[in-house]
Amino acid sequence: MGETITNVSEYQAIAKQKLPKMAYDYYASGAEDEWTLKENREAFSRILFRPRILIDVSTIDMTTSVLGMKISMPIMISPTAFQKMAHPEGEYATARAASAAGTVMTLSSWATSSVEEVASTGPGIRFFQLYVYKNRKVVAQLVKRAEKAGFKAIALTVDTPRLGRREADIKNRFVLPPGLTLKNFEGLDLGTMDQANDSGLASYVAGQIDRTLSWKDVKWLQSITTMPILVKGVITAEDARLAVHSGAAGIIVSNHGARQLDYVPATISALEEVVTAAQGRIPVYLDGGVRRGTDVFKALALGASGVFIGRPVVFALAAEGEAGVRNVLRMMREEFELTMALGGCTKLSDITREHIFTEGDRLGRPLPRM
């Protein structure tokens with residue numbers, strides 16, 4: 001690389017130069033006006049710190065656990081589809097980088113590497129993101145394969161009964177590049193998407209994904225696997241309560257990287273409402289817009305148990321392969337450690353709501369409607 005990369009956002013420009021337009025646009029774009037795409041970032045910038053001083057911060061402990069498993073830091077990897085479109089090593093590189101960093105990788109249903117292939121990269125804590133297909137036999141088979149391959153949890157994506165309107169993909173008539181398939185579905189004749197008049201992926205989703213998916217299906221999933229289920233895509237108190245009642249092991253507050261319904265709030269803005277509704281009964285994680293260690297601190301101060309990062313991983317993967325992903329995890333870790341030190345926190349449990357000041361606080365915050 002010419003200049004030194006000093007923060008994770010710098011990888012995006014490099015990825016844009018390196019990738020074909022169709023691939024870059026697929027990763028970078030959001031739904032419709034992309035209002036939520038911008039807001040996922042900007043909402044973080046409206047939260048300010050109330051740092052505490054004169055605290056001995058000579059040692060800082062960032063370790064935590066997720067669903068009872070120890071990880072090195074509260075920063076994990078979100079599921080992102082088609083990683084071999086970013087780099088030939090794709091999900092293999094991401095899995096190795098996550099494992100080296102001592103954190104979780106979530107593998108997408110629509111990965112270009114199978115659950116078995118990712119498991120073959122070596123040890124590591126891995127979650128499997130699940131889209132529920134109309135053919136439930138296919139789903140049951142895939143869940144069993146993930147469990148057998150040593151995956152530790154299911155992240156059930158619940159905000160995608162239909163694909164959001166991603167206009168860049170419609171313009172580009174997005175389709176997977178030649179030679180790449182949805183590896184997990186290859187043997188089931190569901191591994192390829194056809195060229196369409198708009199987005200090939202949108203047509204694929206319309207044909208295969210089950211729009212009837214409802215809370216009773218969370219129970220059905222629990223009946224076919226022993227893996228804990230994280231419900232990914234909750235952004236309201238009402239749905240947080242339903243997730244708790246459905247027996248979910250945790251919630252991921254997510255708006256799908258602003259790729260589904262536009263004009264939903266930033267996930268950091270929805271987080272406190274969800275945390276309040278969950279009442280500490282299950283952990284709540286945040287996904288969306290996290291680019292800095294300061295963002296991680298803000299999410300934890302608002303009650304998240306950890307965060308997941310998506311786009312920074314694919315952009316770094318496109319730029320530098322496994323080394324890029326390792327670098328993203330290292331930079332995020334170091335920034336978060338520095339934020340903790342300067343905020344006066346030596347362990348995660350020291351980070352409280354008192355360490356931040358939100359827009360709601362400035363306006364005499366009404367608590368989330370219960």
Side-chain angles (χ1 to χ4, degrees), residues 5-13 27-31 33-52 62 73-78 80 232-236 251-276 284-316 328-329 331-345 348 350-363 365 368:
I5 297 272
T6 55
N7 66 70
V8 308
S9 297
E10 290 176 353
Y11 277 118
Q12 183 161 354
Y27 294 134
S29 64
D33 299 326
E34 299 189 331
W35 183 86
T36 299
L37 185 68
K38 286 197 291 289
E39 180 67 5
N40 265 358
R41 282 297 306 129
E42 286 174 6
F44 277 109
S45 72
R46 298 193 293 270
I47 299 172
L48 303 179
F49 290 124
R50 302 182 69 245
R52 302 302 307 275
M62 289 178 285
M73 59 181 173
I75 303 164
M76 299 168 279
I77 295 183
S78 300
T80 49
K232 179 177 183 284
V234 172
I235 51 174
T236 63
I251 287 169
I252 302 174
V253 174
S254 172
N255 53 32
H256 211 114
R259 295 158 78 74
Q260 283 300 102
L261 181 62
D262 200 13
Y263 297 99
V264 295
T267 48
I268 194 69
S269 307
L271 176 62
E272 196 163 22
E273 170 179 332
V274 172
V275 167
T276 304
V284 174
Y285 300 95
L286 175 121
D287 162 278
V290 175
R291 301 290 181 275
R292 284 279 190 189
T294 49
D295 300 336
V296 182
F297 188 102
K298 289 169 185 179
L300 268 60
L302 285 166
S305 293
V307 303
F308 287 85
I309 55 172
R311 284 188 183 87
V313 170
V314 280
F315 291 145
V328 157
L329 292 169
M331 286 189 290
M332 292 290 300
R333 181 191 176 89
E334 288 176 0
E335 286 182 17
F336 178 53
E337 184 177 29
L338 181 59
T339 306
M340 283 180 69
L342 296 178
C345 298
L348 301 187
D350 291 345
I351 302 172
T352 69
R353 184 64 176 75
E354 269 43 72
H355 285 92
I356 56 163
F357 188 69
T358 66
E359 239 184 339
D361 299 335
R362 286 195 282 283
L363 305 167
R365 151 183 72 129

For this session: For the pair R362 and L48, evaluate side-chain contact (heavy atoms from CB on, under 4.5 Å) and give the outcome as yes or no after the intermediate values.
Result: CA-CA 11 Å; R362 286 195 282 283; L48 303 179; 4.0 Å; yes
Exercise. When you look at M340 and L348, which way does the side-chain contact (heavy atoms from CB on, under 4.5 Å) test go after all the steps?
Worked result: CA-CA 8 Å; M340 283 180 69; L348 301 187; 3.9 Å; yes
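By the 4.5 Å heavy-atom criterion applied to side chains, T339 and V296 are not counted as neighbours. By the 4.5 Å heavy-atom criterion applied to side chains, V290 and F44 are counted as neighbours. Side-chain contact check for V275 versus L302: every heavy-atom pair is 4.5 Å or farther apart.
Of all non-hydrogen atoms in A28 and L37, the two that sit nearest each other are O-CD2, 3.6 Å. M73 and L329 get closest at one heavy-atom pair: CE-O, 3.9 Å. Closest approach of P265 and T36 over heavy atoms only: O-CG2, 4.2 Å. Pairing each heavy atom of V264 with each of N255, the nearest pair is CG2-CB, 3.6 Å.
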Side-chain polar contacts of residues 304-312 - donor-acceptor pairs under 3.5 angstrom, sequence neighbours left out - could you list them?
{"residue": "R311", "atom": "NE", "partner": "Y27", "partner atom": "O", "Å": "2.8"}
{"residue": "R311", "atom": "NH1", "partner": "G257", "partner atom": "O", "Å": "3.2"}
{"residue": "R311", "atom": "NH2", "partner": "S29", "partner atom": "O", "Å": "3.0"}
{"residue": "R311", "atom": "NH2", "partner": "G257", "partner atom": "O", "Å": "3.0"}

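I351 CD1 to F336 CZ: the interatomic distance, rounded to the nearest 0.5 Å, is 4.0 Å. Taken from CD1 in I235 to CD in Q260, the straight-line distance is 11.0 Å, to the nearest 0.5 Å. For the atom pair E272 CD and I356 CD1, the distance stands at 7.0 Å (nearest 0.5 Å). Interatomic distance, M62 CE to C345 SG, rounded to the nearest 0.5 Å: 12.5 Å. Taken from CD1 in I47 to NZ in K298, the straight-line distance is 6.0 Å, to the nearest 0.5 Å.
D33 contributes no side-chain N or O that, together with a main-chain N or O of W35, makes up a donor-acceptor pair within less than 3.5 Å. Without hydrogens or angle criteria, N40 side chain to G288 main chain gives no donor-acceptor distance under 3.5 Å.
The side-chain hydrogen bond (donor to acceptor under 3.5 Å, both in side chains) search around S45 returns none, not counting sequence neighbours. Listed by chain and number, the residues in a salt bridge (charged side-chain N to carboxylate O under 4.0 Å, His left out) with D350 are K347 (sequence neighbours excluded). By the salt bridge (charged side-chain N to carboxylate O under 4.0 Å, His left out) test, R46 is found to be paired with E39, E359, residues two or more places apart in sequence or in another chain being considered. With sequence neighbours left out, the side-chain hydrogen bond (donor to acceptor under 3.5 Å, both in side chains) criterion links E337 to no other residue.
Sorted by first and then second residue, the pairs that involve residues 287-296 and meet side-chain hydrogen bond (donor to acceptor under 3.5 Å, both in side chains), not counting sequence neighbours, are R41-D295, S78-D287, S254-D287, R292-E335.
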